[in-house]
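This report concerns only the one structure given below.
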Amino acid sequence: MPNSNNCLRYWDLADHIRIDDAIALWCGVEPAELASLNFETQCMSAKRAALVTALRTERLEYEDLGIVTSRGQVFKGAPIDELLEKDRLVINKASLRRWFEQLPFEDRPAFLFDEARQPVLPDGSEAAEMNSLKAICRPHGASVGQVRQQIPGRQPPERLGHQRWLLSRRPKN
């Protein structure tokens with residue numbers, strides 16, 4: 001079972017984040033742990049006030065999660081205070097990062113700024129997948145030719161090209 005520090009990396013995959021989760025991560029606490037304690041420090045309250053002000057003054061981008069009506073349609077567009085009160089708002093993480101960069105002091109939460117934590121995910125295209133395979137297979141500074149010589153097994157047929165050969169060697173799910 002993974003420990004809570006390993007689980008923090010999954011927050012990096014989200015594009016949007018709830019305000020309570022952002023505050024917890026800003027303070028270096030797992031959001032579920034903070035929710036179970038059911039308390040907020042003075043520092044957390046100050047951070048919440050700063051985020052709410054930024055949301056109200058439109059310095060942070062957010063999304064209304066909406067509510068489903070009796071007809072199955074999603075209603076969005078409630079005032080910001082209602083969204084905050086009913087926990088129906090998620091903050092755009094890219095916007096949150098830009099907001100932190102504009103602060104007059106250096107407060108860079110790891111969940112937004114620790115480059116070692118920033119995930120590099122393939123976008124599903126062959127080019128992105130091939131580039132991710134290159135990064136995995138090719139040590140820093142090694143040429144493609146050096147890597148080909150180090151890969152055990154058959155060498156790639158030249159008519160396929162190296163990238164298509166790498167994809168053909170990828171394990172099937």
For residues [X] and [Y], report the shortest heavy-atom separation together with the two atoms involved.
{"X": "Ala78", "Y": "Asp64", "value": "N-OD2, 3.5 Å"}
{"X": "Arg88", "Y": "Phe75", "value": "NH2-O, 4.4 Å"}
{"X": "Arg108", "Y": "Phe100", "value": "NH1-O, 2.8 Å"}
{"X": "Ser95", "Y": "Arg59", "value": "OG-O, 4.0 Å"}
{"X": "Pro31", "Y": "Ala24", "value": "CA-CB, 3.7 Å"}
{"X": "Leu65", "Y": "Val74", "value": "O-CG1, 4.3 Å"}

* **Atom pair CD1 (Ile91) and CZ (Arg97), whose distance is rounded to the nearest 0.5 Å** =>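 Ile91 CD1 to Arg97 CZ: 16.0 Å, rounded to 0.5 Å.
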
Quick one: does [X]'s side chain get under 4.5 Å of [Y]'s, heavy atoms only?
{"X": "Met44", "Y": "Leu34", "value": "yes"}
{"X": "Phe111", "Y": "Leu96", "value": "yes"}
{"X": "Ile19", "Y": "Tyr62", "value": "no"}
{"X": "Leu60", "Y": "Arg98", "value": "no"}

* Asked: Do other residues, nucleotides or ligands put more than 12 heavy atoms under 6.0 Å from the CD atom of Glu101?
  ->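 More than 12 heavy atoms, drawn from other residues, nucleotides or ligands, come within 6.0 Å of this atom.
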
* Atom NZ of Lys76: over 12 foreign heavy atoms under 6.0 Å ->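 Yes, NZ of Lys76 has more than 12 neighbouring heavy atoms, counting only those of other groups under 6.0 Å.
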
* Asked: Do Trp99 and Val90 sit in the same hydrophobic cluster, where Ile, Leu, Val, Met, Phe, Trp and Tyr count as joined when their side-chain heavy atoms come under 4.5 Å apart?
  ->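 Trp99 does not cluster with Val90.
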
* Asked: So, Lys93 side chain and Ile17 main chain: donor-acceptor pair closer than 3.5 Å or not?
  ->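 No: the side chain of Lys93 does not pair with the backbone of Ile17.
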
* Asked: Are any side-chain N or O atoms of Arg18 and backbone N or O atoms of Asp87, one a donor and one an acceptor, separated by less than 3.5 Å?
  ->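 It does hold such a pair.
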
* Asked: Going by atom types alone, do Thr69 and Arg71 pair a side-chain donor with an acceptor below 3.5 Å?
  ->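 Absent: no donor and acceptor within the cut-off.
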
